[in-house]
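Below you'll find the structure, written out as structure tokens, and then a few comments.
In the text below, chain A, chain B and the rest are named by the order of the sequence lines, each starting its count at 1. Computed from a predicted model, the values in this text were never measured in an experiment.
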Amino acid sequence: MVNLRLPDGSVKKFPKPVTGMEVAEEIGPGLAKAALAIRVNGEVADLKSQINADSEFSVVTASDGDALELIRHDAAHVLAQSVQELFPDTQVTIGPAIENGFYYDFAREAPFSSDDFSNIEKRMEEIVDRDLPIEREIWDRNKAIEYFKSKGESYKAELIQDLPQNEEIIIYKQGDWIDLCRGPHLPSTGKLPLAFKLTKIAGAYWRGDSTKEMLQRMYGTAWANKKQLANYLTMLEEAEKRDHRRLGREMDLFHLQEHAVGSVFWHPKGWTLYRIIMDYIRVKLELAGYQEVNTPQLVDSSLWKDSGHWDKFREQMFISEVEDKVLAIKPMNCPCHVQIFRQGIKSYKELPIRMAEFGSCHRNEPSGALHGLMRVRAFTQDDAHIFCTEDQIVSETEKFCSLLMEIYKAFGFENIQIKFSDRPENRAGENKVWDQAEKALIEAVEVAGYSYELNPGEGAFYGPKLEFVLRDAIGRDWQCGTLQVDFVLPERLDANYVGADGVKHRPVMLHRAILGSFERFIGILIENYAGRLPIWLSPVQVAVVSITDANINYGEKVLEEFNSRGIRTISDFRNEKINYKIREHSTQKIPVIVVVGDKEEKESSVSIRRLGDSRQETVALTDAIDKLEEQARVPVAW
RNA sequence: GCCGCCGUAGCUCAGGGGUAGAGCGCGCCCUUGGUAAGGGCGAGGCCGAAGGUUCAAUUCCUUCCGGCGGCACCA
């Protein structure tokens, strides 16, 4: 007897083991037709799989959240079959479902091109039409290896060989096409909704290892229906419109050019934005008890050797040889901050010392990693190092976290996740020291009351770290802030303070940043707001626009009054129609357009129009200034 | 760094063995117009760089540089 509890709480009884399909048919023919798979005790399984014991049971249909993964995984298989039918010289490797779609990695001498997509998609649709049953089989390991070897599928054979000895070799068949796969799958290719599309072709290393050969990865997207597919494609277009590289040019914020690859040319408006953010952070840090410093760009290699960078980080450092010295452009600020700490004798009474620098750093990032403002070779961090005692780690962590949360909130980010990254392979310092540092940091974040997830092996070479990941308006995650506990560098660079006992002690160093780099953070801001920055961040806050030449004198007066109150205001008194000017300043994403015409001039008022809102409001000039001054102000807590 | 694609006017792009085109933008003129593009005229290009093939290269080939998409990397 098998008892199955259905989602509505009722129980179906079967005298002997049944397949998912049989249960679905028992419940109703409509459901049986819509069934794609089943869920037994929370695990998705093939419709044809047998249920031998009492279970929680439900049927997975296209509207089920788990259906998409099945659909995407099947789409990958159908893609692979299509490619092998059209291009028999292709070997298959792996092809999983991923967020929004799927990919399949192929090995083939000749490159595929996106021109091949329409043919491949057509063949995929044909295979769906053929409605091939998808059958699951368990094969003998050696037979499977022999089979794939005989077909010239060396990658598949390698995969099977590397599977743990006790693992079953599961094979899925659709028609005469066979793949090693864990499943589960749809019951037949005909169940795959015709709502997929190939999106891109790119290289990918075999087994994700850059020392191994490069395969050709074909990406696609797949959905439960055409409408979902269309929505997704629209969403991609929207995301492209908020690309900070495009908006940076359109809004005249910055540019990049090949004479300084990976470095930014900031234009006046972009630099204004940069400065607003920096000024804001500067005030916040001062209020939080930090002292700002500034340290050299070019530093002798001997310091980097002492700090450990020469060993662990040299590849990414720009080196300059002058006379008989080898200098490096600093990739980090920490060793320099230790030098400031080391000047004079420090007492425990001075700790914690919070040393901040808007530190300009250069790192020779791999060319393929560069990406607009998000990944550059020259950047400025909102960097600081807190020199403290071990006892102070917890309270400093708490203070830092609350400062960070407050600042993120001011920029409009409220969804923050914390990751804890522990010791990496390539590291400095004894294991004992790492034990100590990891324990201290975990304890600190727990006392501070934040939840976090583990990110094993991703710490900095000198210490474990917390990473603060913020989620933007369209759901993408960005790692910005960081807090790292470091027992290594103070040791290596011989930093010490005199304790209450009159003896020298090592301080602990907390490396921390909130924005990360200004460049990257500005990129994130632009994309998060799709260029429509909050008024306090807008490089130009107000445009004063005249209706006709007759209003220019009044317009000049309005402009002057706005600017004299610290509101960043430009004027547009050109001989153009008001529609034209509204459009232009709207596309420039200026948050407030102030229109002055005869009416406004006569009554000393202005008409205010806000970005994204076609309504207008006419208010007295003095009121307008008071109100906008208030709204345009930097949100510093006093 | 690796694989693939791409590089033509400020921007978006078309073209293609006989040294170039559109729209937008820009300049000038007309227009003085009340909330997302008024009209006319005009200027603007070493067709990424260097080599090669060819009577002839922006076009074909090679190399380099840069960009884009992934992969790897992000200490």
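- Counting any heavy atom pair closer than 4.0 Å across all strands shown, A:Lys312 reaches no nucleic acid atom.
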Strictly under 3.5 Å: I want the nitrogen or oxygen pairs between protein and nucleotides 9-14 of chain B, one per line.
from  : atom 1 : to       : atom 2 : distance (Å)
B:C11 : O3'    : A:Arg249 : NH2    : 3.4
B:U12 : OP1    : A:Arg249 : NH2    : 3.3

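- Looking at A:Tyr205, its side chain has no donor and acceptor atom pair within 3.5 Å of the base of B:G70.
- Heavy atoms of A:Asp598 sit under 4.0 angstrom from at least one base atom.
- Residue-level contact check: A:Thr587 touches the bases, meaning some heavy atom is under 4.0 Å from a base atom.
- If you check every strand for non-hydrogen atoms under 4.0 Å, A:His371 touches sugar and phosphate atoms only.
- Residue A:Pro111 is in sugar-phosphate contact alone, with no base atom involved, counting any heavy-atom pair closer than 4.0 Å across all strands shown.
- Among the heavy atoms of the strands lying under 4.0 Å from A:Gln316 is at least one base atom, whether or not backbone atoms are also near.
- Residue A:Thr548 is in base contact, counting any heavy-atom pair closer than 4.0 Å across all strands shown.
- Checked by distance alone, A:Glu600 brings a side-chain donor or acceptor within 3.5 Å of a matching partner on the base of B:G34.
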Can you give the dot-bracket line for RNA chain B, using ( ) for pairs inside the strand, [ ] for pairs that cross earlier ones, | for pairs with another strand and . for unpaired bases, where Watson-Crick and G-U count if both distances are under 3.5 Å? (((((((..((((....[..)))).(((((.......))))).....(((((..]....))))))))))))....
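- One can find a donor-acceptor pair under 3.5 Å joining the base of B:A36 and the side-chain atoms of A:Arg609.
- For the pair A:Gly463 and A:Leu611, both in contact range of RNA chain B, the more 5′-proximal nearest nucleotide belongs to A:Leu611.
- Closest heavy-atom contact between A:Leu489 and A:Cys334: CD2-CB, 3.7 Å.
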Table please: side-chain donor-acceptor pairs of residues 453-460 of chain A below 3.5 Å, with sequence neighbours left out.
from     : atom 1 : to       : atom 2 : distance (Å)
A:Asn455 : ND2    : A:Ser421 : OG     : 3.2
A:Asn455 : ND2    : A:Glu467 : OE1    : 3.3

